[in-house]
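Report on the following structure.
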Amino acid sequence: MELKRRNFLKIVGGTALVGGAALSSLAGGEELAWASHHHGSSAHGGSHESASHGEGHEEGIMPSGTRWAMVIDMRKCSEQKNCTACIDACNFVHNIPSFKNPKEEIKWIWKDEYHHVFTDISTLDPFVPEKIKKTPFLALCNHCDNPPCVRVCPTKATFRRPDGIVAMDYHRCIGCRFCMAACPYGSRSFNWLEPRLGLKGRKLNYEFPTRMRGVVEKCNFCVERLAQGLRPACVEACKCGAITFGNLADPKSEVRAVLKNNYALRRKPQLGTKPSVFYIIS
Amino acid sequence: MYDSGKVIIGLVIFVAIATFPFWFGMGKAAPMPEPQLPKGKKECVESKEFMRSTHMQLLNEWRDQALRDGDRTYVNHEGKKIWISLQNTCMKCHDNKEVFCDKCHIYANVKPYCWDCHFIPKESKQWN
Amino acid sequence: MRIVMPFIIVVGLALTAWAGWAIHLQGFFGVLVPYAAALIFVAGFCKKVVDWAKSPVPFKIPTTAGQQKSLPWIKHSNIESPFTTGQVIIRMFFEVFFFRSLFRNLKGELRSGPSLIYGPTKWLWFSAILFHYGFLLVILHHLRLAIHPVPCCVDLIDKVDSMFQIGAPPIYLSGFILLLGVTALFLRRILIPQVRYISLVNDYFPLFLIMGIVISGMLMRYVIRTDIVGVKALIMGLVTFHPVVPDGIGAIFYIHLFLVCCLFAYFPFSKLMHMGGVFMSPTRNLPNNNRAERHVNPWDPKVKLHTYEEWVEDYRDKLEEAQIPID
Amino acid sequence: MAAPKPNEIIMIDHKPPKKWWMDTKPTFRQGTFSYPSKPKNIEILDMWNPREWNPVDEDWKLPDDWKERILEGFRDLLKKYRSLKVFMDICVRCGACADKCHYFLGSGDPKNMPVLRAELMRSVYRGEFTKAGQLLGRWAGGRELTYDVLKEWFYYFYQCTQCRRCSLFCPYGIDTAEIDLAGRHLLNLVGCNINWMMEPAANCFMVGNHIGIQPHSLKDMIDFFVDDIEEVTGVKIEVPFMKKGAEILFVTPSGDFFADPGTYTFMGYLMLFHELGLDYTMSYYAAEGGNFGFFTGTIENAKKLNAKIYAEAKRLGVKWILGGECGHMWRVVHQYMDTLTGPADFLEVPKSPITGTVFENARSSKIVHITEFTADLIKHGAINLDKNRNAGITATFHDSCNPARGMGLFDEPRYVVKNVVPEFYDMPEDTIREKTFCCGSGSGLNNDEFMEMRMRGGLPRANAVKYVNERYGVNTLSCICAIDRAVLPPLMDYWVPGVTVTGVHELVGNALVMKGEKKRTVNLRQEPIPGMEEEEEDV
C-alpha cells in the first residue's frame, strides 16, 4: 500500500486545513485590497525603489534588479493559424501530461478565446472587432507582481522569486488547492491523476522531472532554462517572433522596447495583481 | 490464587515481544550493503564519509538553494563549483539506482520520494 | 536537589558514552553494554513479575466502577464492573490501551462558600497517551534498524510516522509526540505543587533519561548525522549474534545507545515496572462475581472462634432466664 | 469532643509546605487522632502488646524488638498479598489520586494524599527491603523504619477510611485500602491500635454485637421495637430469634438495634418481613453483620467475626442469608466472606420465597443484600407502597463507599428509594455512585475524639448534600450503611443543618401498606406526616 502524505492529509487534515486556510484566504483578500492601494499611492509618490530603478515603470522592481516579463504580440501570433509550436515545446520540456478530461487537464501554456482571457474588457466593451473576438489567445501564468496564489499558500510551496517569477516548490505542496482558488487567471492545474500516466508513449525530457499526484503545477517561466542562460522554451519555439521575453527592470531590454512602441494590455488589471505578461492586441 | 498459568503466558508473550528482533531473522546475518560506485569516477561532490552521512541534508540544501533562491551553483569544501541538479548532476554519474541508492536505502528501509518526480536514470530509458 | 541530581546523572551518563567513544571503546559501548542491558531488562522484568506472582491473590478485591450484575432488569455495567473473564479482559484492554482510569480523572477545587467544585481534567491522561503512544511508535519505527528484511507492517508504520516530508530525512512524528509527552509529564511534575512535593529522584531520573534519549535521537536524525547504514549493521550484528563494530559511527549514536541501555537496565528495578504491574493489579484484573464464584485463599488463616457452645456457656443463665432457645 | 467551628476548619491550604515530607513529623493534636485500645480488648482478640499508653506521650511502650516485629510482619504480608507487593513497586507518583481523598480535601495535609499515605510505607519498603534503598537511602526514595516513622504511620493509617475512592482513579488500580490495612496490621503487631475498632471487634467476638449488649437485654430492646411499631401502625408483629429451620437468616449491623436513626431502619425491616410473612430468623449469637475486625487489617480478626454468620446459619439450618443495610459489612460479605469463611455448601442458592426470583449473583456465598431483595419485591408488585406517607421528604442517596466501590450496588437502593419517596434528586455526578465521597468516619474512625478530622473528611460529602439542598430543597439523606446513619447526622448538623439522615428501609417502612394497619398519622420516628395529621384530629 502506498500511503502518501498528500492522501493522508486529504483524509485526516482536510477539515482542519480547510478551516484554517479559508480564514487565511479571507485575511489575504483584505490584505490584497490594502496592498494594491498602497502600491498605487507609493507609485504616485515616487518611492525610493522606483526612483532608483524604475524610471517611470513603477512596479515590481526587485532588489535583484530583474523582473522577467513576456510580451505576446497577438498581431503576429494570430496570423499563424493552428500553430502550437510554443505549447508543444513547453509540454515536451516540462513533461506535461496530457489528459483528455478537462477536469484532469494539466495546462502551463494554452490557447483560449478572447472573452475568456479578457473577461472584464470583453464585457465592458462589446464593440470589439469580430476578428479579435475569434482569435485564440495564448494564456499562461502571469507571474504577477502581487500574486494572490502566494499569499494563500499555507506551506509557502508557491513563492515569488527575487526575479519576479512566481515559482513552485513541489516538495512542499500539500495539494490543498487554495492557490487555484486564488488565481484569477485559472493558470494552475491540479494533478488529479498520476502524471506519468499522461506521458505514456511520449518523448520525454529526462533533464526535467515530472510531478507527483496530488500537487498543483503551472508555468514556471522556464526558470531552469533561464538559469542556464537560455530563453524560455516557448519563446525559443515561436517561429513568428510573437513572444518577446526579457527583463522589465532593464530600460534597455527588448521587452521594454516593445512595450514602449506598442500599446499593450494586461489581464484583469483592476484586480491589482500586476501581471508580467503583456498582450499587444492590434 | 496464584494464576500462575496466566502469569506464565503473559511472560512468554513479553519475552517473545521483547526479543522479537533476535528471533525474527533466526540469526541470519544481513551483510552490510556495498553500493556500487560509478566506474571511472574518482570523487563525488564531497568526501565519501560526508556523502554517506549527510547526502540527504545536502540534497535538501541544494533543493532549497536551487528552487527557492534560484542559485544553482554549489561550492564544495575544495572550492570547486558544482551545478546543482539531482537529475543532471548526481544521476549523471550514479546512473544506476538499483546498484547504488537502493543498496543502502533498502537495507535501512529509507524510502525517499525522489523518484515520484525525478527520473530514475536506468528506468528512464525503459518505462514508457 | 531531587531534580538537579538525576539531571546531572543523565548528563554524566551521556558524557561517559562520549568519552568511551573518544577513547575507542566502541566494542564495549556498542556490543557489551547493549547485550548486558537487554539481558538485565528481559531477565529482570521476568524475575520481578515472577516475584510478584509468588505472592497469591488471597481475596477477590476488584474496585467496582459500575453497577454490579444482580437482578436481570437492572442494567449491568459489564466493563466497569465485569462479571466474567471476558468482561475483565475488556476492562483490562481499556485500562492498558486507553488508560481508562486516568481518563476518569477529576479535579477538585475548594471555593469560598465553602463549595467544592469538580470538573473533568484530561491533561494528565492526554500527556500520558502522548508519551506512551509516542514511545511505542518510536520503538516500532526503530525496528527497521533491527530486522532485515523490513516487513510491510513495520514499513507501513514508518510511512504513517514519516508522512511529513518537509525535508530529507522526513520528520518522524512519533519522536515529537514523545518529546511533547515527556516534556508535559516533566512540567506537570515540577509545576503542580502537590506533584512536586510527592516526586522522588526515582521519578525525575527516568524522565531525564528518556528526554536524553529523545534529544540525542533527534540530534542524530536531524542535526548531527551519522552513518545510518553502519548503525544498522551494528544492530543487525547484535541481533544475529555476530557483533560487528563498523567504523565511522559518530559519538552521538553511542550516546543515544548508551542512554537507551541505561533505561532498559534500570527498568526492572524501578517504577517503570508499572508496565508489567498494570496487568497484575487485583483491583482491576478480577471479576466482580464474588458472591457467585468462590475464590480460594491458599493461606487461609486458621483462627480460634468463639463458638456457639462457648457463647451459650458464657450467657447460659441469662439466655434461660430470657427464654431464648438453646441448642 | 467538639470540633472547631466550620469557618475555622474551612481555611484549608492545599499547597504543600516548604519542608519536604520525609522531614516532617505529625503533631498529635486533639481531634485528629483516635485513642488507643484498652488492653482488655487486645487480650480478648488474642493480639499483641496490650498495655495502657497514649499517643501524645514520647514513649509508646513498644516491645524492644518492635522494629524486627514490624519488618518481619511486613515481609510476611508481602508474601501473602500480591496486591501489596505490586502496589509497593508500581506507583509512578502521577498524583491522580491526590485530590480524590476526602481527608486531603478537608485538611490539606499533604500526607493525606493517598500517594503519600502509601509512600509512608513504600519508603520503608524501599529503604529496608531493596538494595538501591539500602545503599542510596533517600536518593532512591527509601528511609529507615524509625520510631518517628512508626508514629507517623499510626497517625496517618488511622486517618484513612479505606473508602477506595483513590483506587478508582489510579491508573494501576493501586488501592490505598490494601496498603492501609497492611499498615494497620503492622501497627497491631506492636500493639498500636485504636479502641474504637478494637472494642467493637472484641464485643462482636465475645457477645455478638458491637456495643456488647447481652442477649437478654437485646431481647428487651427488640420488644420495644415491636411496641413502637404497634403504636405507629396498629399491627402487632413478631420478631423470630434463634428459630431453627427458618428459611432465611437475617443479619444486619447491630448499630441498627441501638442508635437512632438506625433503629427506624431496623423497624422498617421488621415491618417488611412481617408483611411478607417471611419465614426468617435472627440470631443473638451472630447479631452483627458489620465487621470491625476487618478494619484492624489483621485478617484473622475479620474471620473471627465473619465466621459466626455461616456457623449460625448452619446451626439454625436456614436455606440462605439476607443481609441488612451496612457498608463495611458488605465489603466483607461481598468480597471476603465466601473466601474467608466459606464455602457455604450447606446452604441453597437464594430464592425469594415471595417472587420466586433466584439470586444468581449470590449463588456461591448465598447471601443477598436487602435492597436487592426489596427492589425485586417492588419490581414484582409484591408489596403495596404509599409514597404519601413520606410526604414532605425530598430525598437524595448517599452511596456508601464499600457497597459502591467494593460491590457495585448503585441502582437497587435508588430504585427502592425512588419508589417510596415523593421526590428524589441525586447529588452531583462526580460525588455519587463509584465516585461517591466517604462520610469521613468509616473504618472504625467514627469516634468522638476524632471529631475534627471527621468533619474535615466529611466536608466533600456534606458539600454535595448542601448543593442539592440549596438547589432542590433536598431535606433527607438516605443511605444503606449503619456507620453512615451514626455519623452523617452530626456531619449534616455541622455543615448542612436541617438535613435528616435515614436508612432506606426506614422510608420503606413508612411507605409500606400493611394488612390490618390503622390509619398512619405519624412516621416511624413518631413525627406527624404532613397532610395526614389533620385527619387524626377528625377521628
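Here is how names work: the chains are called A, B, and so on, in the same order as the sequence lines, proteins then strands, and each is numbered from 1. Computed from a predicted model, the values in this text were never measured in an experiment.
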| remark: Whatever's closer than 4.5 Å to a heavy atom in chain D on Ser270(C) counts as backbone
| query | Charged N to carboxylate O under 4.0 angstrom, Lys48(C) versus Asp89(D)? | reply | yes
| field | Check: Leu168(D) main-chain N/O paired with Arg104(C) side-chain donor or acceptor under 3.5 Å | value | yes
| message | Could you report the tightest heavy-atom contact between Ala375(D) and Leu71(C), atom names first, then the distance? | response | CB-CD1, 4.1 Å
| field | Leading residue by heavy atom contact count with chain C [cutoff under 4.5 Å; candidates Ala404(D), Ala462(D), Gly95(D)] | value | Ala404(D)
| query | Is a salt bridge present between Lys75(C) and Asp411(D), judged by a nitrogen-to-oxygen distance below 4.0 Å? | reply | no
| What part of Leu102(C) is in contact with chain D, defined as an atom under 4.5 angstrom from a non-hydrogen atom: side chain, backbone, both or neither? | both
| With a 4.5 Å heavy-atom cut-off, do Ser115(C) and Tyr467(D) have their side chains touching? | no
| said: Counting heavy-atom pairs under 4.5 Å with chain D, which one of Thr307(C), Val312(C), Val296(C), Ile326(C) comes out on top? | reply: Thr307(C)
| query | Which bit of Ala53(C) is near chain D, if near means a heavy-atom gap under 4.5 Å: side chain, backbone, both or neither? | reply | both
| request: Answer with yes or no whether the side chains of Thr283(C) and Ser167(D) bring together a donor and an acceptor at under 3.5 Å. | output: no
| With a 4.5 Å heavy-atom cut-off, do Tyr315(C) and Pro215(D) have their side chains touching? | yes
| task | Would you mind reporting whether Leu200(C) and Glu119(D) have side-chain heavy atoms less than 4.5 Å apart? | result | yes
| Pair Lys60(C) + Asp338(D), salt bridge at N-O below 4.0 Å | no
| Most contacts with chain D, counted as non-hydrogen pairs under 4.5 angstrom, among Phe99(C), Tyr118(C), Phe83(C), Trp52(C) | Trp52(C)
| query | Does Arg2(C) count as lying over the ring of Trp20(D), i.e. NZ or CZ under 6.0 Å from the six-ring centre, within 45 degrees of the axis? | reply | yes
| message | Under 4.5 Å from any heavy atom of chain C, what part of Lys243(D) do you find: side chain, backbone, both or neither? | response | neither
| query | Which answer fits Met5(C), side chain, backbone, both or neither, if we ask what part of it has an atom under 4.5 Å from a heavy atom of chain D? | reply | side chain
| Test: Glu80(C) and Arg433(D) ion pair at under 4.0 Å | no
| field | Proximal component of Asp51(C), with respect to chain D [non-hydrogen, under 4.5 Å] | value | both
| Side chains of Trp125(C) and Pro171(D) in contact at under 4.5 Å (non-hydrogen atoms) | no
| field | Under 4.5 Å from a heavy atom of chain D, the part of Leu106(C) involved | value | both
| said: Counting heavy-atom pairs under 4.5 Å with chain D, which one of Phe103(C), Tyr197(C), Phe59(C) comes out on top? | reply: Tyr197(C)
| query | What option among Arg93(D), Arg331(D), Lys85(D) has the most heavy-atom pairs under 4.5 Å with chain C? | reply | Arg93(D)
| field | Residue pair Ile74(C) / Glu372(D), side-chain heavy-atom distance below 4.5 Å | value | no
| remark: Whatever's closer than 4.5 Å to a heavy atom in chain C on Leu78(D) counts as backbone
| said: I'd like to check Gln335(D) versus Pro62(C) (side-chain heavy atoms, cut-off strictly below 4.5 Å). Are they in contact? | reply: yes
| note | Highest number of heavy-atom pairs under 4.5 Å with chain D among Gly276(C), Pro298(C), Gly66(C), Ser77(C) belongs to Gly66(C)
| task | Please determine, among Leu459(D), Ile174(D), Val349(D), Leu136(D), the option with the most heavy-atom pairs under 4.5 Å with chain C. | result | Leu459(D)
| message | Ignoring hydrogens, what is the shortest heavy-atom contact between Gly173(D) and Ser281(C)? Give both atom names and the distance. | response | O-OG, 3.7 Å
| field | Residue part contacting chain C, namely of Val358(D), when any heavy atom lies under 4.5 Å | value | neither
| Taking all non-hydrogen atoms of both residues, which atom of Gly141(D) and which atom of Asn202(C) are closest, and how far apart? | N-OD1, 3.5 Å
| note | Note: Arg164(D) and Thr63(C) closest approach over all heavy atoms is NH2-CA, 3.7 Å
| field | For chain D, which residues of residues 91-98 of chain C have heavy atoms nearer than 4.5 angstrom | value | Glu95(C)
| note | In terms of heavy-atom pairs under 4.5 Å with chain C, the winner among Pro460(D), Ser364(D), Ser365(D), Gly406(D) is Ser364(D)
| query | Looking at Ala322(C), Pro206(C), Ser70(C), Ala292(C), which makes the most heavy-atom pairs under 4.5 Å with chain D? | reply | Ala292(C)
| note | Most heavy-atom pairs under 4.5 Å with chain D, out of Lys54(C), Arg100(C), Arg188(C), belong to Arg188(C)
| field | Side chain / backbone / both / neither for Ser217(D) at chain C, heavy atoms under 4.5 Å | value | neither
| note | Pro301(C) meets the side-chain contact (heavy atoms from CB on, under 4.5 Å) criterion, sequence neighbours left out, with Asn297(C), Trp299(C), Ile299(D), Glu300(D), Lys303(D)
| request: Let me know if Leu124(C) has heavy atoms under 4.5 Å from chain D in its side chain, its backbone, both or neither. | output: side chain
| query | Does the separation of the ring centres of Tyr172(D) and Phe279(C) fall below 6.0 angstrom? | reply | no
| Can you check side chain to side chain contact (heavy atoms under 4.5 Å, CB included) on Asn290(C) and Tyr336(D), steps first, answer last? | CA-CA 8 Å; Asn290(C) 299 57; Tyr336(D) 288 77; over 6 Å; no
| query | Which region of Asp376(D), side chain (C-beta onward) or backbone (N, CA, C, O), has a non-hydrogen atom less than 4.5 Å from a non-hydrogen atom of chain C, or is it both or neither? | reply | both
| field | Heavy-atom side-chain proximity of Glu412(D) to Gln68(C) below 4.5 angstrom | value | yes
| said: Run the salt bridge (Lys or Arg N to Asp or Glu O under 4.0 Å) test on Arg315(D) and Asp327(C) for me, step by step, so that the C-alpha distance in whole Å, both residues' side-chain angles and the decisive distance to 0.1 Å come before the verdict. | reply: CA-CA 9 Å; Arg315(D) 188 185 69 84; Asp327(C) 240 5; 3.4 Å; yes
| Pairing of Lys69(C) and Glu360(D) as salt bridge, 4.0 angstrom limit | no
| request: Would you mind checking which part of Lys19(D) comes under 4.5 Å of any heavy atom in chain C, side chain (CB onward), backbone (N, CA, C, O), both or neither? | output: backbone
| Tell me, side chain or backbone of Pro6(D) under 4.5 Å from chain C's heavy atoms, or both, or neither? | neither
| query | How far apart are the closest heavy atoms of His369(D) and Arg291(C), and which atoms are they? | reply | N-NH1, 3.8 Å
| note | Minimal heavy-atom distance between Ser55(C) and Arg82(D), with the atoms involved, is O-NE, 3.0 Å
| query | Which word best sums up how the rings of Phe205(D) and His306(C) line up, parallel for under 30°, tilted for 30 to 60°, or perpendicular for over 60°? | reply | tilted
| message | For Met206(D), which atoms come within 4.5 Å of any heavy atom of chain C: side chain, backbone, both, or neither? | response | both
| request: Taking the six-membered ring for Trp and the full ring for Phe, Tyr or His, determine whether the centres of Tyr415(D) and Trp73(C) are under 6.0 Å apart. | output: yes
| So with a 6.0 Å cut-off around CD of Glu320(C), is the heavy-atom count from everything else above 12? | yes
| field | Residue pair Pro325(C) / Met242(D), side-chain heavy-atom distance below 4.5 Å | value | yes
